[in-house]
Amino acid sequence: MVSKNSEGTPKWKSNGNNHPQNLRRQLIVQQRKSLPIASVEKRLLEEVRKHDILIIVGETGSGKTTQLPQFLCNGGFCRDGKVIGITQPRRVAAVTVAKRVAEECEVELGQKVGYSIRFDDTTSATTRIKYMTDGLLLREALLDPLLSRYSVVIVDEAHERTVHTDVLLGLLKGVQLARSLEGRKDANSVPLKEANNVQNRVSLKPCQGSKLSPLKLIIMSASLDARGFSEYFGGAKAVHIQGRQYPVDILYTHHAEPDYVDAALITIFQIHMNEGPGDILVFLTGQEEIESVEKLIHERVQKLPESSLRLSVVPIFSSLPSEKQMLAFKPALSGTRKVILATNIAETSVTIPGIKYVIDPGLVKARSYNHRTGMESLIITPISKAQALQRSGRAGREGPGKCFRLYQESEFAKLVDSTTPEIKRCNLANVILQLKALGVDDIMGFDFMEKPSRTAIANSLEQLFLLGALTDDYKLSDPVGSQMARLPLDPIYSKALIVASEFNCLEEMLISVAMLSAESMFYTPRDKLDEARDARKCFTSVDGDHLTLVSVYRASAECLEKSRLAGSKDKKAEKTLNKWCRENFINSRSLKHARDIHSQIRGHVEQMGLHITSCGDDMLQFRRCLAASFFLNAALKQHDGSYRALASSQTVQIHPSSVLFRAKPECIVVYQMSSILYFGIKRVVISHLGKGGKKNQQIK
DNA sequence: GAGCACTGC
């Protein structure tokens, strides 16, 4: 039957099959059906119903992250307003996956499907599938210790073993037990002592009347260490899901390469001259190395025969301004092969399309932490087998690829299976503060998957005690400790804010702490060293780096304010600010981050009832406040002009980028202490073993 | 007068 409109003429309607939106729709349905996980939907649901804890080992491309939550939701796990939570180690993953799943479900983002990350929450009361960062779920647990809104929590990428993931695993284990005890309480089937232990540990507040359903836990990991997770969760069932990855040929060198940078260069040109089309991804250790390899490639390109394919070089590392990072994602022009020189950022954080060849020297620059001295170092070390696998996998995303490992096969066998979890190589003060706030008093007794050393725990407890966050018997102090635990900051910075409210300089300290918490503000391109230096001089304060950062922040705020007063909308004002950043050699991404932190922390501080006042021109007051709060990082000048850190007796030097580098005051407080060492397995680069301290502020 | 892998709340 043909319907007619009001004028009586026939109205025709296409079946819509050719509409771009419908084509996209069909494509999505097709793609979902072809995922390896699609064929095991029923089996997975059964396993989840049968087991309270399930380990899912899913290879790259299995579809586990996007599909499993949808299966569970359709399988009834969102009933009674319950939420399925999926944690990710990285913000960008939470956002992109949530957007994709919302599209697959044909819902608007923030309705049934949403994401929640720091500074950006798209969820609503109707959200049933919630993607989030693991750190954010930890923060949520402070407000809701039993995570009562969730029916299922899926911890994705658990093999990465970030600090947040590790703490979360221990916490979830306790929450699960407490909720199952809660559900069985009336049946009186649980020994009282056991129930009390868990209740005391997990929940700060007594549970509200309604009974809680048990919590389902799903741990998703890449193939290598499923056994470790299974053992940790009492022999939990592990399910394997096939991936969809193209084969990658692995090639090793015949001999040990004495210089991996040179070996990488030779390999780039060998691939370029002898192999078929496809881009090359080279893993290097840092900015300096990338820049020097870039220069060397440009020199050697001149010697290529005229007839050969062109070669374009694109660097990518995290501190590179975003617009320059984008170049790595642009397809190469026809007749050109792209060589991407990347740090570890390309291992997991970003996926660059078009890669067919990977060159892997087998090294990484990684942070290590000395629990005794409190000193951080960046050390170039061999990667783990898991990392080598992850790197080679980057060549097989779109078709068969090749990975050239610049070391011998016998060396590969010597690599450790997986990287040491971060929790064993970082300062634990923050972790301990959060656990204490969650009601875990016995840190040594907490069920870590891998327990940090006794020294590490003891030193961090000591630090928290000295900051006044803990009482004599190592319980969270009130109000200082609980206030510090509420702030998402390094405990020293949290303490500084509390002290600053007493010194009437909280306004300045809020800015300092936000600026110090973000990444480096100053961007210094090699070819514009002098210009960058001159620009920085405008902000320099003789009172130290903290106040220098304050003046950068205030100048940027003034620029934004002016632009808004002139009637600019937010977008335009932001553009104006970015232009200001470029002119002043400020990294706009870092500044944006600092502004976000500032507004978030300001909110917390106001809620706590602290008074936000400015010390005006009284810099002495601000410096006194720094001394009172950063005392753990104080250092005194010695005869030879170096400094001795009071807490650890380490000899440190002021970093040349500091405004106090020349002034050399008698006493300083530093905001970061780090040492630089070089170890090369292939390349003997023992260049210098000095210790550089970044200094900051003179104290009277 | 020197350099900073990468995340996250």
Side-chain angles (χ1 to χ4, degrees), chain A residues 87-94 116-121 132-143 157 160-168 283-292 316-320 342-350 363-368 376-381 383 387 419 422-423 425-426 430-431 433-434 437 484-491 493-494 514 517-526 529 532-533 587 590 593 596-597 600-601 604 641 653-662 664 672 674-676 678 687-688 690-694:
Chain A
T87 71
Q88 296 289 330
R90 277 172 297 280
R91 295 160 55 90
V92 61
S116 184
I117 57 178
R118 189 184 187 186
F119 312 131
D120 190 5
D121 179 9
M132 64 196 129
T133 42
D134 42 19
L136 197 104
L137 186 60
L138 271 180
R139 286 274 155 198
E140 251 186 61
L142 287 175
L143 305 171
E157 312 285 4
E160 290 193 22
R161 303 291 306 275
T162 66
V163 175
H164 288 156
T165 301
D166 272 22
V167 175
L168 196 57
F283 284 99
L284 296 167
T285 62
Q287 175 177 354
E288 203 181 345
E289 200 169 272
I290 286 173
E291 283 169 350
S292 76
I316 184 165
F317 45 88
S318 87
S319 60
L320 196 69
T343 57
N344 245 16
I345 195 171
E347 207 175 278
T348 47
S349 304
V350 301
L363 296 170
V364 66
K365 194 186 277 181
R367 176 168 51 200
S368 77
E376 264 179 13
S377 347
L378 284 168
I379 304 178
I380 296 175
T381 51
I383 57 173
Q387 272 182 297
T419 315
E422 197 187 356
I423 199 153
R425 47 190 174 88
C426 72
N430 222 341
V431 167
L433 196 59
Q434 276 204 45
M484 282 171 65
R486 276 175 65 189
L487 294 167
L489 290 171
D490 183 307
Y493 296 167
S494 304
S517 300
E519 304 74 35
S520 174
M521 285 301 142
F522 299 103
Y523 172 61
T524 324
R526 232 164 236 205
L529 266 177
R533 215 171 284 161
N587 187 328
S590 306
H593 192 196
D596 284 339
I597 297 172
Q600 188 193 35
I601 304 300
H604 278 291
Q653 277 160 4
I654 295 181
H655 194 276
S657 64
S658 166
V659 299
L660 293 184
F661 179 73
R662 282 177 209 280
K664 284 212 165 43
Q672 185 184 53
S674 56
S675 63
I676 314 294
Y678 290 97
S687 68
H688 103 53
K691 294 172 186 78
K694 286 198 173 174

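All values below come from the heavy atoms of this structure, side chains included, with hydrogens, waters and symmetry mates left out. Order of the sequence lines fixes the chain letters, A, B, ..., with proteins taken first and strands second; residue numbering starts at 1 for each chain.
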Original post:
Between atom CZ in A:F522 and atom C1' in B:dG3, what is the gap in whole Å?
Top reply: 15 Å
Original post:
Which sits closer to the 5' end of DNA chain B, A:L136 or A:R533, going by the nucleotide each is nearest to?
Top reply: A:R533
Subject >> Considering all heavy atoms, the nearest A:V92-A:S349 contact >> reply: CG1-O, 4.3 Å
Subject >> Spacing between A:F317 atom CZ and B:dT7 atom P, to the nearest angstrom >> reply: 13 Å
Original post:
Out of B:dC6, B:dA5, B:dC9, which nucleotide sits closest to the side chain of A:P488?
Top reply: B:dC9
Subject >> Under 3.5 Å: donor-acceptor pair, side chain of A:E157, backbone of A:Q88 >> reply: no
**OP:** Check every strand shown and say whether A:T133 touches a base, only sugar-phosphate, or nothing at a heavy-atom separation below 4.0 Å.
**Re:** sugar-phosphate
**OP:** Quick one: list whatever passes side-chain contact (heavy atoms from CB on, under 4.5 Å) with A:T343, sequence neighbours left out.
**Re:** A:I290, A:F317, A:I345
Original post:
So what does A:S520 touch, heavy atoms closer than 4.0 Å: a base, only the sugar-phosphate, or nothing?
Top reply: nothing
**OP:** Among the candidates B:dT7, B:dG8, B:dG1, find the nucleotide nearest to the side-chain atoms of A:S349.
**Re:** B:dT7
Original post:
By side-chain contact (heavy atoms from CB on, under 4.5 Å), which residues pair with A:T87, not counting sequence neighbours?
Top reply: A:M132, A:D134, A:L137, A:V155, A:L168
**OP:** Output the single nucleotide from B:dA5, B:dC9, B:dT7 whose closest atom is nearest the side chain of A:I345.
**Re:** B:dT7
Original post:
With respect to the side chain of A:R90, which nucleotide from B:dG1, B:dC9, B:dT7 is positioned closest?
Top reply: B:dT7
**OP:** Can you figure out which of B:dC9, B:dA5, B:dG1 approaches the side chain of A:R662 most closely?
**Re:** B:dG1
**OP:** Pick base, sugar-phosphate or nothing for A:R367, based on heavy-atom distances below 4.0 Å to the nucleic acid.
**Re:** base
Original post:
To the nearest Å, how far apart are A:I423 CD1 and B:dC6 P?
Top reply: 22 Å
Original post:
Hey, is the side chain of A:S318 poking within less than 4.0 Å of OP1 or OP2 on B:dA5, counting only N and O atoms?
Top reply: no
**OP:** Send over the distance from A:I379 CD1 to B:dC6 C1', rounded to a whole Å.
**Re:** 16 Å
Subject >> Atom-pair distance (CZ on A:R91; C1' on B:dC9), nearest Å >> reply: 10 Å
Subject >> Short N-O contact, A:R90 and A:E160, less than 4.0 angstrom >> reply: yes
**OP:** Send over the distance from A:D596 CG to B:dG8 C1', rounded to a whole Å.
**Re:** 14 Å
**OP:** Quickly work out the A:L489 CG to B:dG8 P distance and round it to whole Å.
**Re:** 16 Å
**OP:** Find the distance A:D134:CG to B:dG8:C1' and express it as a whole number of Å.
**Re:** 7 Å
